[in-house]
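Sequential numbering from 1 along the given sequence is applied to the chain's residues.
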Amino acid sequence: MSIRVAVLGHGVVGSGVAEILLHQKDCIFAQRKEELELAYILDVRSFPDLPYASLFVQDINTILQDESVSVVAECIGGATVAYDLVSACLQAKKSVCTSNKELIATRGNELFAMAKENGVNLLYEACVGGGIPVLRPIQTCFGANNICKVSGILNGTTNYILSRMQETGCKMEEALKEAQQKGYAEAVPTADIEGHDAARKISILASMATGKYVSPFDLPVCGIQNVTAEDLKYASVYDCSVKLIAEFEAENEGAQLSVGPCLVPNSHLLAHVNGVQNAVRVVGDMVGETVFYGPGAGKNPTASAVVSDMITLTNLAPVERIYWSSEPAKISEKEKTADYYVRFSGQSGAKPLSGFENVSFLSDPENQATCAVVVKNTSRSRLEKALADANIGLIARVMA
Ligand code: HSE
């Protein structure tokens, strides 16, 4: 038996999906006893030299009107054109899977409702952690748990950049170029560098954990744009590595969420997650701490997750969905205290920090130009207020 499927977009992920569908045909058939037949690829560009050039179409109506196509994979990205195409497919009663985090994090609510109305399904495993299975396991294997905390390294590009800067001493721009060449970065890489991609992913995880919608616009987001080679050096003086950490914690007052660079002690598991690898730590009240680890970006790992969703969609009863309610989750306004690393200049030494009890110098205290310190047990806002007249290079939480 063969099930006809279509792919929207032939970029890094879309081309990976097409190749896996063609090259792994026997593997998929051996497991599922049915063939996934790639019927169409939608792209505005044409690729005449490809062996499957005849599958390209430029008009979505070709796919929408073909009733034999039951599953569509969206690999275009963004939340505008992709939204229109995904809604058109759902309304045409085709199940959809997507690797598009921006779409699910910002417009998932509308699309889930649309899928439900039309008796089809929408899956999005590839949106978080690239090739790592994490969303489905949270939904299917932790059913007896309240999810208390989800944290980790959720962006492959920034983790690759920080690892390369640490290993080779190269500049951020150079490492970004490599990440782009390897197909890790977003089309507009500021989404990676400034933390928005990680924010979309933690908002998806937090929405799944709470069962209510957490918007990526409702959390404090800072990327790695201000991290310098100096910060990496000072962090290592403190026996830490610098990582971009996304976090969700369920608290009585509501959800606590953040995305930002952190100093992670080298004794911590996350300090050893390097390159494009991601690690998602999920804490359930019954299971305790679990960690999901693997390639967080890249053509084949991400396409592997998309194709797995396609296979699932061919077998799944349309009622089994992994959706949250559109009701907004309660977000806590309470500010937590922590140890903070801060690098600043433009003040005479660390004078503005004289009101803080526990300050460790990582830079030479005689060097008045740059101060790199760890201030223990403070709130970020208190620190920012004390350093209002200084030129702050970076503030990063030190992970407990
Ligand atoms: N740009 C993303 C990343 C791709 O680097 O993690 C995978 O979601």
Side-chain angles (χ1 to χ4, degrees), residues 151-155 158-159 161-167 169 171-172 175 193-195 198-199 219-247 249 256-274 279 281 335-400:
S151 60
I153 296 169
L154 301 184
N155 183 269
T158 47
N159 205 47
I161 291 172
L162 292 172
S163 304
R164 293 294 286 164
M165 284 170 71
Q166 181 76 56
E167 283 160 21
K171 292 218 155 49
M172 188 178 292
I193 302 290
E194 294 179 2
L219 49 137
V221 178
C222 178
I224 64 162
Q225 62 273 28
N226 295 327
V227 176
T228 62
E230 250 187 326
D231 295 315
L232 300 182
K233 189 186 82 193
Y234 292 134
S236 76
V237 170
Y238 205 61
D239 200 18
C240 285
S241 300
V242 179
K243 300 286 177 192
L244 183 68
I245 301 291
E247 259 182 321
E249 196 167 354
Q256 283 265 358
L257 292 128
S258 65
V259 170
C262 281
L263 264 65
V264 180
N266 286 327
S267 55
H268 197 293
L269 189 69
L270 292 182
H272 303 281
V273 175
N274 289 316
R281 185 173 163 260
E335 196 183 9
K336 284 185 146 183
T337 57
D339 296 352
Y340 278 96
Y341 165 86
V342 53
R343 171 177 51 80
F344 63 98
S345 60
Q347 282 280 343
S348 51
K351 260 195 202 135
L353 297 177
S354 52
F356 292 82
E357 273 175 17
N358 201 335
V359 180
S360 309
F361 274 86
L362 306 183
S363 62
D364 174 3
E366 299 303 315
N367 177 0
Q368 307 284 296
T370 302
C371 266
V373 296
V374 170
V375 183
K376 297 241 161 101
N377 194 25
T378 181
S379 70
R380 190 182 175 112
S381 61
R382 182 174 171 219
L383 202 50
E384 280 173 345
K385 207 162 151 199
L387 291 171
D389 295 329
N391 184 8
I392 297 178
L394 181 73
I395 299 190
R397 189 166 51 82
V398 179
M399 263 186 103

Heavy-atom distance under 4.5 Å between the side chains of M399 and I245, does that happen here? yes
Working for side chain to side chain contact (heavy atoms under 4.5 Å, CB included), residues V374 and L362: CA-CA 7 Å; V374 170; L362 306 183; 3.9 Å; yes
Would you compute the distance between atom CZ of R164 and atom CG of N159 and round it to the nearest 0.5 angstrom? 13.0 Å
Do V227 and L162 come close enough that some side-chain heavy atom pair is under 4.5 Å? yes
4.5 Å side-chain heavy-atom contact, V259 and L219: yes
Would you name the heavy atoms of V221 and A199 that are closest together and state the gap between them? CG2-CB, 3.6 Å
Nearest 0.5 angstrom please: L263 CG to Y234 OH, how far? 13.0 Å
Closest contact, heavy atoms only, V242 versus A235: CG2-CB, 3.7 Å
About how many Å separate CZ of R343 and CG of D231, when rounded to the nearest 0.5 Å? 4.0 Å
Give a yes-or-no answer on whether the side chains of S241 and Q166 include a donor-acceptor pair shorter than 3.5 Å. no
Rounded to the nearest 0.5 Å, what's the gap from CZ on F361 to CG on L353? Could you check? 7.5 Å
Looking only at heavy atoms, what is the nearest atom pair of A396 and P261, with distance? CB-O, 3.2 Å
Can you check whether Y341 reaches L394 side chain to side chain, under 4.5 Å on heavy atoms? yes
Taking the side chain as C-beta and beyond, is there a heavy-atom pair between R397 and K336 under 4.5 Å? no
Nearest 0.5 angstrom please: D339 CG to C262 SG, how far? 11.5 Å
Does E247 reach the side chain of L257, with side-chain heavy atoms less than 4.5 Å apart? no
Please report the closest heavy-atom contact between A271 and P265, naming both atoms and the distance. CB-O, 3.4 Å
For K243 and N274, which I'm curious about, is there any donor-acceptor pair between the side chains at under 3.5 Å? yes
So which heavy atom on G260 is nearest to which on L244, and how close? C-CD1, 3.5 Å
Side chain to side chain contact (heavy atoms under 4.5 Å, CB included) between M172 and I224, intermediate numbers included: CA-CA 9 Å; M172 188 178 292; I224 64 162; 4.0 Å; yes
Between the NZ atom in K351 and the SG atom in C371, the distance rounded to the nearest 0.5 Å is 11.5 Å
Shortest non-hydrogen pair, L270 vs A279, comes out as CD2-CB, 3.7 Å
Would you confirm whether T337, through its side chain, and T378, through its main-chain N or O, come within 3.5 Å as a donor-acceptor pair? no
Taking C-beta and beyond as the side chain, do T370 and E230 meet within less than 4.5 Å on heavy atoms? yes
Would you mind reporting whether V398 and V264 have side-chain heavy atoms less than 4.5 Å apart? no
Is the charged tip of R382 near the ring of Y340: under 6.0 Å from the six-membered ring centre and within 45° of its axis? no
